[in-house]
Amino acid sequence: MPDYNTHRVFNYLAFLVISVLLFKLQIVITDLKLFLALGIGFYVGTDFITPDLDIESTAIKRWGKLKVIWLPYKWLFKHGQSSHNILYGAIVRVIYFSIIILSVYYLLFRSLPPETMISSVYVFIFLVGIVIANALHIILDVLF
Ligand SMILES: [Zn+2]
């Protein structure tokens, strides 16, 4: 299986190709904020929320003390099985992480006016970035 850095190099090269394609097709990239949301999602999906969170991987170590939030995830999923399913694996990770983020978000921002909430389009594009990055990880795992 390719190591953490091989995954990163592969993902960022792929992101470059994806960006050029988006530019040629004039989608997402035409809106800088949307493209930024995609890029941040892709970064998070490449460096932090990867399919390898189910083992003592570099990705899990990068979470530092916060890695405890992935412990139940590690217990629930065996490495290389459901976590490495292109669609199901990414969806489970995103739902798992969203529940944690939304709880924190709710606790922090419930007293703020609704204008401070992030538009759901950006959240969706951010999640798409994570799903694409995770899919590329799994594709590289399958190839090597
Ligand atoms: Zn993997």
Quick one: pull up [atom1] in [X] and [atom2] in [Y] and give me the separation to the nearest 0.5 Å.
X: Ile18; Y: Leu25; atom1: CD1; atom2: CG; value: 12.0 Å
X: Leu36; Y: Ile125; atom1: CG; atom2: CD1; value: 12.0 Å
X: Tyr96; Y: Ile69; atom1: OH; atom2: CD1; value: 7.0 Å

Aromatic centroids of Tyr43 and Phe48 separated by under 6.0 Å: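 Aromatic pair counts; centres sit under 6.0 Å.
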Lys74 vs Ile60, side chain to side chain contact (heavy atoms under 4.5 Å, CB included): CA-CA, chis, key distance, verdict: CA-CA 10 Å; Lys74 269 175 83 174; Ile60 196 100; 4.3 Å; yes
In this structure, would [X] and [Y] fall into the same cluster of hydrophobic residues linked by side-chain contacts under 4.5 Å?
X: Tyr122; Y: Val131; value: no
X: Leu140; Y: Leu16; value: no
X: Leu21; Y: Val128; value: no
X: Phe42; Y: Leu13; value: no
X: Tyr4; Y: Leu66; value: no

Ring geometry between Trp70 and Phe97 (parallel below 30°, tilted from 30 to 60°, perpendicular above 60°): parallel
Which atom pair, heavy atoms only, marks the closest approach of [X] to [Y]?
X: Ile138; Y: Pro51; result: CG1-CG, 3.9 Å
X: Gly39; Y: Phe15; result: CA-CZ, 3.7 Å
X: Ile130; Y: Val44; result: CD1-CG1, 4.2 Å
X: Ala133; Y: Gly45; result: CB-C, 3.5 Å
X: Pro2; Y: Asp141; result: CD-OD1, 3.4 Å
X: Ile86; Y: Ile139; result: CD1-CG1, 4.2 Å

Under a plain distance cut-off of 3.5 Å, with no hydrogens placed, do [Y] and [X] share a side-chain donor-acceptor pair?
X: Tyr12; Y: Asp47; result: yes
X: His137; Y: Asn11; result: no
X: Ser57; Y: Asp52; result: no
X: His7; Y: Asp3; result: no

Residues Leu38, Phe126; criterion side chain to side chain contact (heavy atoms under 4.5 Å, CB included); working and verdict: CA-CA 5 Å; Leu38 182 74; Phe126 169 77; over 6 Å; no
Main-chain N/O of Tyr73 paired to Asp54 side chain as donor or acceptor, under 3.5 Å: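 It does not hold such a pair.
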Residues Phe10, Thr46; criterion side chain to side chain contact (heavy atoms under 4.5 Å, CB included); working and verdict: CA-CA 10 Å; Phe10 176 75; Thr46 298; over 6 Å; no
